[in-house]
Asker: 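Dumping the structure here so I can ask a few things about it.
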Amino acid sequence: MDLIKKLTGKNPSEYEVVAKNLVNNSDVELFSKLVKQEDFLFDFIKNNVAKRIQNACTKDNYRNLIAFLEYYSPSYDTMIASVLHSFGRDSLSEEMKELFINGTDSQKAYSAKYFTFTPEFAKEFLPQIRMNAKSEFEPLSMNSIELLSLLKDDVSKSEALKALESEDEFVQYDAVKFLVNYQAKDALDKIVEVMKKSSLSENIASEILYLVSIEELIEKDIDTACLVLCYIINAIPDIISPASVCDYGLKDVFANLPLTSSSAVVLRFAKEKFEELLSNDEYLFDCDKNTKDEVKAVNEFLKGINSHKLKSLFYDELFDGSDFVFFALDFVDEVEELETLLDSENQTLILKVLTVLKERNHLKDEHKNIALENITSNDIRQIVEVL
């Protein structure tokens, strides 16, 4: 029988033997196979495997895990680092430091995680940690940033805050990811402002919820929370996996949203999105049963919400300065409501209004003429002229 199947199976007499042999024999080949297959294993199975390997480790064999550091896995890095630290804190620090500075990216990533258990030992090579925090190998970058956070390194934090002001959106996004992994909650407001202006808004919104929970956001500022939710919903399934519906607990979030003009936009937008997710099997094809069931449950909840009640509220967001106007426009049928926005100073908003009017078969030459009087961008003028 396949050793991986035994290690991941339910029979203690099998998985305990395989786990012990894996550690005792420093079976790099088996561990590398385990890492390669992790995308096909459920999280609870990987958690079980991590516990089984940890239980097989002793003061006499723990050093055998060092051979596994060539094969990085986010599922086992905390376990391996914990074991090495637990048994080898007094004897491994220099060796792990050497790996962090001169090892492979995988070895460096494990080493960074190792030092998160005793960050005070890492102060002497702070410049290397800052450098590795910028690595293109994401596990190394993430673990190094976590270590910088534990060290309360203000230099790297200040650099990230400065990068939020960059004109390069990808530099901004990297700064957001740094600050989120650093757990710089005091940077939340600046990150939100970047999200509002960025073409990577959906990506940034998904990062924000690793910094603060949606419940915290709702309590802090309902409008900010709703804007993050709009971008999260918009990102499913192309940017964010439908499994995020479970991860973020969206059903409970929607059920407990205070009803305001901004939350009405969220709920109306969500109604359409979840109907769309269930309209085509391809959207949920790769999802597990739990995710599919949760998407269906959210859809059923949203179907029970009165759309007319939502409409009476989200129309309050149909003004030039609203953060929600672009989301709300898709659900507006009244020509008069749309026409009022053709005098907007936001040229992208004017184009969106014209596009909605065309979709509703209400676009007239006079609408285009009014719009063109307020549009200075040649690119947008060309699009308007061919609508």
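Just so we're clear, the structure is a prediction, and the values are computed from it rather than from any experiment.
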Asker: Are there more than 12 heavy atoms of other residues, nucleotides or ligands under 6.0 Å from atom NZ of Lys20?
Answerer: no
Asker: In terms of heavy-atom contacts, does NZ of Lys33 have more than 12 from other residues, nucleotides or ligands at under 6.0 Å?
Answerer: no
Asker: Which distance, rounded to the nearest 0.5 Å, do you find between the CG of Asn203 and the CD1 of Ile240?
Answerer: 7.5 Å
Asker: Using side-chain heavy atoms (C-beta onward) and a distance below 4.5 Å, is Leu267 in contact with Leu259?
Answerer: yes
Asker: Do you know the tightest heavy-atom contact between Phe137 and Ala109?
Answerer: CE2-CB, 4.0 Å
Asker: So Pro258 and Ile222, do their side chains get closer than 4.5 Å, heavy atoms only?
Answerer: yes
Asker: Among Leu217, Val176, Val180, whose side chain to side chain contact (heavy atoms under 4.5 Å, CB included) with Ile208 holds?
Answerer: Leu217
Asker: For Phe327 together with Tyr231, are the ring centres under 6.0 Å from each other?
Answerer: yes
Asker: Between the main-chain N or O of Glu138 and the side-chain N or O of Asp105, is there a donor-acceptor pair closer than 3.5 Å?
Answerer: no
Asker: Does a sphere of radius 6.0 Å around CD in Glu219 hold more than 12 heavy atoms from other residues, nucleotides or ligands, not counting ones at 6.0 Å or beyond?
Answerer: no
Asker: Distance-only, no hydrogens or angles: does the Ser32 side chain make a donor-acceptor pair with backbone N or O of Val28 under 3.5 Å?
Answerer: yes
Asker: Same cluster or not: Val253 versus Leu277, using hydrophobic residues (I, L, V, M, F, W, Y) connected whenever any side-chain heavy atoms lie under 4.5 Å apart?
Answerer: yes
Asker: Would a 4.5 Å heavy-atom cut-off, applied to side chains only, mark Arg381 and Thr376 as touching?
Answerer: no
Asker: Please determine whether residues Leu84 and Phe117 belong to a single hydrophobic cluster, defined as Ile, Leu, Val, Met, Phe, Trp and Tyr linked transitively by side-chain heavy-atom distances below 4.5 Å.
Answerer: no
Asker: Does the pair Tyr72 and Tyr110 meet the rule for a ring-ring contact (aromatic ring centres under 6.0 Å, His included), with working shown?
Answerer: CA-CA 7 Å; Tyr72 183 80; Tyr110 277 113; 5.0 Å; yes
Asker: Can you tell me if Ser73 uses its side chain to pair, donor with acceptor, with the backbone of Val35 under 3.5 Å?
Answerer: no
Asker: Please check if any side-chain donor atom of Asn132 sits under 3.5 Å from a side-chain acceptor atom of Ser135, or the reverse.
Answerer: no
Asker: Is the backbone N or O of Asn11 less than 3.5 Å from a side-chain atom of Glu14, with the two atoms forming a donor-acceptor pair by type?
Answerer: no
Asker: Hydrophobic clusters here meaning ILVMFWY residues chained together by side-chain heavy-atom distances under 4.5 Å, can you tell me if Leu148 and Met131 are in one?
Answerer: no
Asker: Which atoms form the tightest heavy-atom contact between Lys152 and Tyr182, and what is the distance?
Answerer: C-OH, 3.4 Å
Asker: Return the minimal non-hydrogen interatomic distance between Glu169 and Ser198, and the atom names on each side.
Answerer: OE2-CA, 3.3 Å
Asker: Step by step, work out the side chain to side chain donor-acceptor pair (under 3.5 Å) result for Ser141 and Ser144.
Answerer: CA-CA 5 Å; Ser141 172; Ser144 296; over 6 Å; no
Asker: What do you reckon, is NZ of Lys309 surrounded by more than 12 foreign heavy atoms closer than 6.0 Å?
Answerer: no
Asker: So, does Gln172 use its side chain to make a donor-acceptor pair with the main chain of Leu164 at under 3.5 Å?
Answerer: yes
Asker: Can you tell me how far apart CE (Met79) and CG (Asp77) are? Round to the nearest 0.5 Å.
Answerer: 9.0 Å
Asker: Say you draw a straight line from CG of Leu209 to CD1 of Ile232; how long is it, rounded to the nearest 0.5 Å?
Answerer: 4.5 Å
Asker: Under 6.0 Å between ring centres: does that hold for Phe115 and Phe125?
Answerer: yes
Asker: Side chain to side chain donor-acceptor pair (under 3.5 Å) between Ser166 and Asp168: does it pass, once the steps are laid out?
Answerer: CA-CA 5 Å; Ser166 171; Asp168 187 322; 5.5 Å; no
Asker: Decide whether Tyr71 and Met142 are clustered together by the hydrophobic rule: side chain heavy atoms of Ile, Leu, Val, Met, Phe, Trp, Tyr closer than 4.5 Å, transitively.
Answerer: no
Asker: Might you point out which heavy atoms bring Ser93 and Phe121 nearest each other, and give the distance in Å?
Answerer: OG-CD1, 3.3 Å
Asker: Is it true that atom CD of Glu359 has more than 12 heavy atoms of other residues, nucleotides or ligands lying nearer than 6.0 Å?
Answerer: yes
Asker: Is the shortest distance from a Lys or Arg side-chain nitrogen in Lys190 or Glu193 to a carboxylate oxygen in the other one below 4.0 Å?
Answerer: no
Asker: Less than 4.5 Å apart, side chain to side chain, heavy atoms only: is that true for Leu302 and Val298?
Answerer: yes
Asker: In Å and rounded to the nearest 0.5 Å, what is the CG to SG distance from Leu22 to Cys57?
Answerer: 8.5 Å
Asker: Output yes when Asp293 and Lys289 qualify as a salt bridge under the 4.0 Å nitrogen-oxygen rule, no when they do not.
Answerer: yes
Asker: When you measure from the side chain of Asn369 to the backbone N and O of Asp365, does any donor-acceptor pair fall under 3.5 Å?
Answerer: yes
Asker: Would you compute the distance between atom CD1 of Ile236 and atom OH of Tyr248 and round it to the nearest 0.5 angstrom?
Answerer: 8.0 Å
Asker: For atom CZ of Phe319, decide whether the heavy atoms of other residues, nucleotides or ligands shown that lie under 6.0 angstrom number more than 12.
Answerer: yes
Asker: Output, in order, the C-alpha distance, side-chain angles, deciding distance and verdict of salt bridge (Lys or Arg N to Asp or Glu O under 4.0 Å) for Asp330 and Lys352.
Answerer: CA-CA 9 Å; Asp330 286 328; Lys352 173 71 173 180; 2.8 Å; yes
Asker: Cut-off 3.5 Å, side chains only: do Asp247 and Ser244 have a donor facing an acceptor?
Answerer: no
Asker: Do Arg52's NZ or CZ and the ring of Tyr15 fall within the cation-pi criteria of under 6.0 Å and 45°?
Answerer: yes
Asker: Quick one, Leu229 and Leu257 - any side-chain contact, counting heavy atoms below 4.5 Å?
Answerer: yes
Asker: Between Glu159 and Lys162, is there a side-chain N and carboxylate O pair less than 4.0 Å apart?
Answerer: no
Asker: Over all heavy atoms of both residues, which pair between Val212 and Glu216 is shortest? Give the atoms and the distance, please.
Answerer: CA-OE2, 3.7 Å
Asker: Check this for me, if you would: do Lys271 and Glu276 make a salt bridge, where the nitrogen-to-carboxylate-oxygen distance has to be below 4.0 angstrom?
Answerer: no
Asker: Could you check if a side-chain atom of Lys311 sits within less than 4.5 angstrom of a side-chain atom of Arg268, using non-hydrogen atoms only?
Answerer: no
Asker: Looking only at non-hydrogen atoms, find the nearest pair between Glu38 and Lys46 and report the distance.
Answerer: O-NZ, 3.2 Å
Asker: Check for me, please, whether Phe324 and Leu318 land in the same ILVMFWY cluster - side-chain distances under 4.5 Å, paths through other members count.
Answerer: yes
Asker: Taking side chain to side chain contact (heavy atoms under 4.5 Å, CB included) as the criterion, tell me which of Leu34, Ile80, Val83, Val18 meets it with Ile53.
Answerer: Leu34
Asker: Take atom NZ of Lys251 as the centre, draw a 6.0 Å sphere, and report whether it contains more than 12 heavy atoms from other residues, nucleotides or ligands.
Answerer: no
Asker: Salt bridge (Lys or Arg N to Asp or Glu O under 4.0 Å), that's the test. Do Lys303 and Glu300 meet it? Break it down for me.
Answerer: CA-CA 5 Å; Lys303 283 167 60 177; Glu300 285 301 312; 3.2 Å; yes
Asker: For Lys292, does the NZ atom sit with more than 12 other heavy atoms under 6.0 Å from it, leaving out its own atoms?
Answerer: yes
Asker: Heavy-atom distance under 4.5 Å between the side chains of Phe100 and Asn143, does that happen here?
Answerer: no
Asker: Is there side-chain contact between Leu338 and Asp333, with heavy atoms separated by less than 4.5 Å?
Answerer: no
Asker: Which distance, rounded to the nearest 0.5 Å, do you find between the CG of Leu227 and the OG of Ser262?
Answerer: 9.0 Å
Asker: Could you please spell out the steps behind the side chain to side chain donor-acceptor pair (under 3.5 Å) verdict for Gln347 and Ser377?
Answerer: CA-CA 8 Å; Gln347 298 182 45; Ser377 166; 4.7 Å; no
